[in-house]
Amino acid sequence: MPSLLLDQRNFVVGASQDRVWRLIGKVIFSSLPGLENMEILDENTFRALLRTQILGFRVSLKLKGEIVDMEPPNSFSVTLFLAGPGGFFKADQKVTFAMTPVEQGKTALACKAAVENMGFLPRLLLLGEARRFARSTFEAIEKRLKELA
């Protein structure tokens with residue numbers, strides 16, 4: 001199954017590429033609504049619970065993330081493995097962040113989230129929720145990075 005774009009966002013931050021690189025990890029984790037019980041397993045892997053609304057119901061999703069394709073200070077991706085309550089659904093997503101220096105010490109940041117693997121029924125029921133979650137997360141990351149720049 002080909003990947004399916006959830007959301008993408010491009011913006012400029014008034015800070016150097018190195019500063020954005022140093023901030024981005026903390027900003028991402030602080031911008032994820034409903035993230036709880038974060039556990040760092042090693043320098044590239046973490047797991048957590050993600051409490052969110054799905055079809056109007058509050059649910060807890062098991063989340064495991066692995067940092068891949070890391071090229072400091074230019075880019076990295078995070079592969080996310082999500083599992084719903086009782087194994088109701090599973091989804092794999094890939095979120096990519098690319099940082100490019102632009103004029104006057106600023107940095108352009110390109111964010112992209114895509115579903116890599118999701119069954120037909122979960123895709124039918126949950127794709128809209130996943131898109132809204134990706135959009136609101138990218139908006140929060142942009143806001144927080146601009147505040148810290």
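These values consider heavy atoms only, across backbone and side chains, with no hydrogens, waters or symmetry-generated copies.
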#### Entry: Verdict with reasoning, Leu63 to Phe46, per side-chain contact (heavy atoms from CB on, under 4.5 Å)
CA-CA 8 Å; Leu63 172 68; Phe46 65 91; 4.2 Å; yes
## Note on the structure
Minimal heavy-atom distance between Ala134 and Ala113, with the atoms involved, is CB-CB, 4.1 Å
### Query
If you group Ile, Leu, Val, Met, Phe, Trp and Tyr by side-chain heavy-atom gaps below 4.5 Å, do Leu41 and Val78 land in one group?
no
### Query
Can you tell me how far the CG atom of Asp18 sits from the CG atom of Leu23, to the nearest 0.5 Å?
11.0 Å
### Query
Looking at CG of Leu49 and CG of Leu61, how far apart are the two atoms once the value is rounded to the nearest 0.5 Å?
8.5 Å
### Task
Using the rule that two of Ile, Leu, Val, Met, Phe, Trp, Tyr join whenever any of their side-chain heavy atoms come within less than 4.5 Å, decide whether Val102 and Trp21 are in one cluster.
no
### Query
Does any non-hydrogen side-chain atom of Lys90 lie less than 4.5 Å from one of Leu82?
no
### Query
Quick one: do Ile141 and Val12 end up in the same hydrophobic cluster if we chain Ile, Leu, Val, Met, Phe, Trp and Tyr together by side-chain heavy atoms under 4.5 Å apart?
no
### Task
Specify the closest pair of heavy atoms between Lys106 and Gly14, including all atoms of both residues, with the distance to one decimal.
CG-CA, 3.9 Å
### Task
Write down the atom of Glu142, the atom of Phe11, and the distance for their closest heavy-atom approach.
OE2-CB, 3.3 Å
### Message
Rounded to the nearest 0.5 Å, what separates atom CZ in Arg135 from atom CZ in Arg132?
### Response
7.5 Å
### Query
Considering all heavy atoms of both residues, which atom of Leu109 and which atom of Leu145 are nearest to each other, and what is their separation?
CD2-CD1, 3.5 Å
### Message
Tell me whether Arg19 contacts the main-chain N or O of Leu148 through its side chain, where contact means a donor paired with an acceptor under 3.5 Å.
### Response
yes
### Task
Show your reasoning for whether side-chain contact (heavy atoms from CB on, under 4.5 Å) applies to Gln93 and Leu6.
CA-CA 9 Å; Gln93 295 181 13; Leu6 292 174; 3.7 Å; yes
### Message
One pair to check against side-chain contact (heavy atoms from CB on, under 4.5 Å): Asn44 and Val68. What are the steps and the verdict?
### Response
CA-CA 8 Å; Asn44 293 322; Val68 296; over 6 Å; no
### Between CG on residue Asn37 and CZ on residue Arg51, distance to nearest 0.5 Å
6.5 Å
### Task
State the OG1-CD distance between Thr45 and Glu39, to the nearest 0.5 angstrom.
11.0 Å
### Task
Write down the atom of Thr79, the atom of Phe81, and the distance for their closest heavy-atom approach.
CG2-CZ, 3.4 Å
### Query
Between Ser30 (side chain) and Lys26 (backbone), is there a donor-acceptor pair under 3.5 Å?
yes
#### Entry: ILVMFWY cluster, Leu80 and Leu32 together (side-chain gap under 4.5 Å)
yes
### Query
So, Gln17 side chain and Pro73 main chain: donor-acceptor pair closer than 3.5 Å or not?
yes
### Query
Applying the 4.5 Å side-chain criterion to the ILVMFWY set and letting contacts propagate, would Val59 and Leu50 be lumped into a single cluster?
yes
### Summary
Taken to the nearest 0.5 Å, the spacing of Ser77 OG from Glu71 CD works out to 9.0 Å
### Task
Look at atom NZ of Lys146 and say whether more than 12 heavy atoms of other residues, nucleotides or ligands are closer to it than 6.0 Å.
yes
### Query
Are any side-chain N or O atoms of Arg131 and backbone N or O atoms of Leu5, one a donor and one an acceptor, separated by less than 3.5 Å?
yes
### Query
So, Thr107 side chain and Ala15 main chain: donor-acceptor pair closer than 3.5 Å or not?
yes
### Query
What heavy-atom pair brings Ile24 and Phe76 nearest, and what distance separates the two atoms?
CG2-CE2, 3.7 Å
### Query
Above 12 or not: heavy atoms from other molecules or residues under 6.0 Å from CZ of Arg47?
no
### Query
Would you call Asp69 and Lys94 a side-chain contact if the rule is heavy atoms closer than 4.5 Å?
yes
### Message
One pair to check against side-chain contact (heavy atoms from CB on, under 4.5 Å): Val95 and Phe138. What are the steps and the verdict?
### Response
CA-CA 10 Å; Val95 184; Phe138 288 160; 3.9 Å; yes
